[in-house]
There are 2 protein chains.
Amino acid sequence: MKLITRNTDYALRAICYIAKSKKKVVSVNELVASLKMPRPFLRKILQRLNREGILRSLKGANGGFALHTTAEKIFLTDLIGIFQGALKLNECFFKRKICPNKSKCNLKKIISGIEADVFKKLKKVSIRSLLD
Amino acid sequence: MKLITRNTDYALRAICYIAKSKKKVVSVNELVASLKMPRPFLRKILQRLNREGILRSLKGANGGFALHTTAEKIFLTDLIGIFQGALKLNECFFKRKICPNKSKCNLKKIISGIEADVFKKLKKVSIRSLLD
DNA sequence: GACAAATGATACTATTGTAGTATCATTATA
DNA sequence: TATAATGATACTACAATAGTATCATTTGTC
Ligand code: FES
Ligand code: FES
């Protein structure tokens, strides 16, 4: 079971790199050279981050990607939300229908509690806090 | 992201059913009729649980499955371990090699903490505690 | 002993989610 | 206008999950 998939992880590294960079705007070329990630995959990820408002992009020569906001305001939960969908540890499988048990199910209560807890912790993790 | 996959979930329900049943030994027929799960899939799961020492099986007419131990001694983490492998939320993707950063990586520390916490909570959940 | 009712073992298929590629269009700078 | 960048989109590859199908073996009952 993975809490963080590869695209989230790559996104994280790329954003951290950009945040640490002297230059505001960083090209995919530079990112690929430094982070050793597959270029087309990384491009897809960065384009997505641009669409989602985490990064902003500049086209044309000398173009690249920059933070749209600051490292303090980007959270791990944002990235997980984008690339992995809402965190849902919890889902009743009972015949794939809405479960008649839902309200009294013990398991659901337990898992929901864990989920809330995990989310609370992840929500505190900003890019800034990962930069050392 | 799923904390509990379908085979773990089915295993859980089946074990609970057997634990609640008046009869010690319950046949797949009865389980399928009551729990409405796909029969061959459930069989595969039960056979696995037998091999893993959670259930014991009785072959031949009037055969079926019974708990190998008591409901107090079977934990959610056992089932997750069997069907989903060791819980590892955490794994550095850096070029798939062992990461040189491992010791100082902030992200790793955070995720490891969360993992330990989740595991601690799941470890407390016995089948008994799910029976109402 | 024959038959029926059960599980054991094993190999196969289907679906989904993740990971990654390929290509062409568009934009900005020099 | 050539070039260096991103935008958009469609496609392929791989792995994990979910499920099926079949035949062999064991056991109780008539
Ligand atoms: S059995 Fe449906 S939510 Fe638990
Ligand atoms: S970067 Fe390798 S463990 Fe975090």
Side-chain angles (χ1 to χ4, degrees), chain A residues 1-11 14 18 23-33 35-53 55-66 68 79-80 82-88 91 93-96, chain B residues 1-11 14 18 23-33 36-66 68 79-80 82-88 91 93-96:
Chain A
M1 208 211 57
K2 285 178 218 147
L3 189 53
I4 293 187
T5 57
R6 205 168 270 161
N7 40 19
T8 302
D9 186 68
Y10 285 175
I18 294 169
K23 291 178 288 187
K24 286 259 164 79
V25 176
V26 181
S27 72
V28 171
N29 265 345
E30 182 175 344
L31 288 169
V32 164
L35 302 176
K36 312 260 168 55
M37 292 163 184
R39 164 182 262 276
F41 192 32
L42 179 59
R43 286 196 66 210
K44 196 164 78 164
I45 290 167
L46 294 171
Q47 287 179 10
R48 183 80 190 276
L49 289 171
N50 176 47
R51 283 202 303 278
E52 301 281 351
L55 299 178
R56 69 196 163 86
S57 73
L58 288 103
K59 290 173 88 171
N62 304 323
F65 293 85
H68 186 70
L79 304 180
I80 292 179
I82 289 169
F83 293 109
Q84 304 173 226
L87 180 72
K88 267 192 186 145
E91 191 186 334
F93 295 122
F94 195 64
K95 292 306 280 176
R96 298 174 189 248
Chain B
M1 208 213 56
K2 282 178 218 150
L3 188 54
I4 293 186
T5 58
R6 206 167 269 163
N7 40 18
T8 302
D9 187 68
Y10 284 177
I18 295 169
K23 290 179 287 185
K24 285 259 163 81
V25 176
V26 181
S27 72
V28 170
N29 264 344
E30 183 175 343
L31 288 168
V32 164
K36 313 262 168 53
M37 293 163 185
R39 164 182 262 274
F41 192 32
L42 180 58
R43 286 196 66 211
K44 196 163 80 164
I45 290 167
L46 295 171
Q47 286 179 11
R48 183 80 191 275
L49 289 171
N50 175 48
R51 283 202 303 278
E52 302 281 352
I54 305 286
L55 298 180
R56 69 197 163 84
S57 73
L58 289 105
K59 290 174 88 172
N62 303 324
F65 294 85
H68 186 70
L79 303 180
I80 291 180
I82 289 169
F83 293 109
Q84 302 172 225
L87 180 71
K88 266 191 187 145
E91 191 185 336
F93 295 122
F94 195 64
K95 293 306 283 175
R96 297 173 189 249

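All chains are named by letter (A, B, ...) in the order of the sequence lines, taking the proteins before the strands, and each is independently numbered beginning at 1.
Taking side-chain N and O atoms only, A:S57 has no distance below 4.0 Å to OP1 or OP2 of D:dA5. Dashed line: the shortest gap from a side-chain N or O of A:R39 to OP1 or OP2 of C:dT21 is not under 4.0 Å.
Taking every heavy atom of both residues into account, A:A14 and A:L35 meet most closely at CA-CD1, 3.8 Å. Closest of all the heavy-atom pairs between A:K24 and A:A66 is O-CB, 3.4 Å.
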Checklist entry - After noting the C-alpha distance and the side-chain angles of B:I82 and B:T8, does the key distance pass the side chain to side chain contact (heavy atoms under 4.5 Å, CB included) rule? => result CA-CA 8 Å; B:I82 289 169; B:T8 302; over 6 Å; no

Item to check | Intermediate values then yes/no, side chain to side chain contact (heavy atoms under 4.5 Å, CB included), B:F65 and B:L49 | outcome: CA-CA 10 Å; B:F65 294 85; B:L49 289 171; over 6 Å; no

Checklist entry - Can you check side chain to side chain contact (heavy atoms under 4.5 Å, CB included) on A:F83 and A:R6, steps first, answer last? => result CA-CA 9 Å; A:F83 293 109; A:R6 205 168 270 161; over 6 Å; no

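Counting heavy atoms from C-beta on, the side chains of A:L46 and A:L31 come closer than 4.5 Å. Within the 4.5 Å cutoff, the side chain of A:R56 has heavy atoms near those of the A:L58 side chain. A:R39 places a side-chain heavy atom less than 4.5 Å from the side chain of A:V28.
The side chain of B:R51 lies closest to C:dA9 when the candidates are D:dG7, D:dG19, C:dA9. Side chain of A:K44, nearest nucleotide from C:dA19, C:dG20, C:dA9: C:dG20. For B:Q47, the listed nucleotide lying nearest its side chain is C:dT7; candidates were C:dT7, D:dG19, C:dT21. With C:dG20, D:dG7, D:dG19 as the candidates, the nucleotide lying closest to the side chain of A:F65 is D:dG7. Taking every side-chain heavy atom of A:N62 into account, C:dT29 is the closest of C:dT21, D:dT6, C:dT29.
Between A:I80 atom CD1 and C:dT18 atom P the separation is 12 Å, expressed in whole Å. Per the geometry, CD1 belonging to A:I4 stands 17 Å off C1' belonging to C:dA19, to the nearest Å. Separating the CG atom of B:L42 from the C1' atom of C:dA6 is a distance of 14 Å, rounded to the nearest angstrom. The interatomic distance linking A:E52 (CD) with D:dA8 (P) rounds to 12 Å, in whole Å. In this structure, A:L31 places its CG atom 12 Å from P of D:dA5, rounding to the nearest Å. Atom pair B:Q84:CD and D:dT17:P shows a separation of 7 Å (rounding to whole Å applied). In this entry the distance linking CG of B:L46 with C1' of C:dG8 reads 12 Å, nearest Å. Put simply, CE on B:M37 is 13 Å from P on D:dA18, counting in whole angstrom units.
For residues 23-30 of chain A, proximity to DNA chain C is found at no residue, defined as any non-hydrogen atom under 4.0 angstrom from a strand atom.
Under a 3.5 Å cut-off, the side chain of B:Q84 and the backbone N or O of B:N7 do not form any donor-acceptor pair.
Among residues two or more places apart in sequence or in another chain, the side chain to side chain contact (heavy atoms under 4.5 Å, CB included) test is passed with B:K59 by none.
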Output one line per pair: protein atom, nucleotide atom from nucleotides 23-27 of chain C, and distance, for all N/O pairs under 3.5 Å.
{"unit_1": "C:dT27", "atom_1": "O4'", "unit_2": "A:K59", "atom_2": "NZ", "d": "3.3"}
{"unit_1": "C:dT27", "atom_1": "O2", "unit_2": "A:G60", "atom_2": "N", "d": "3.4"}

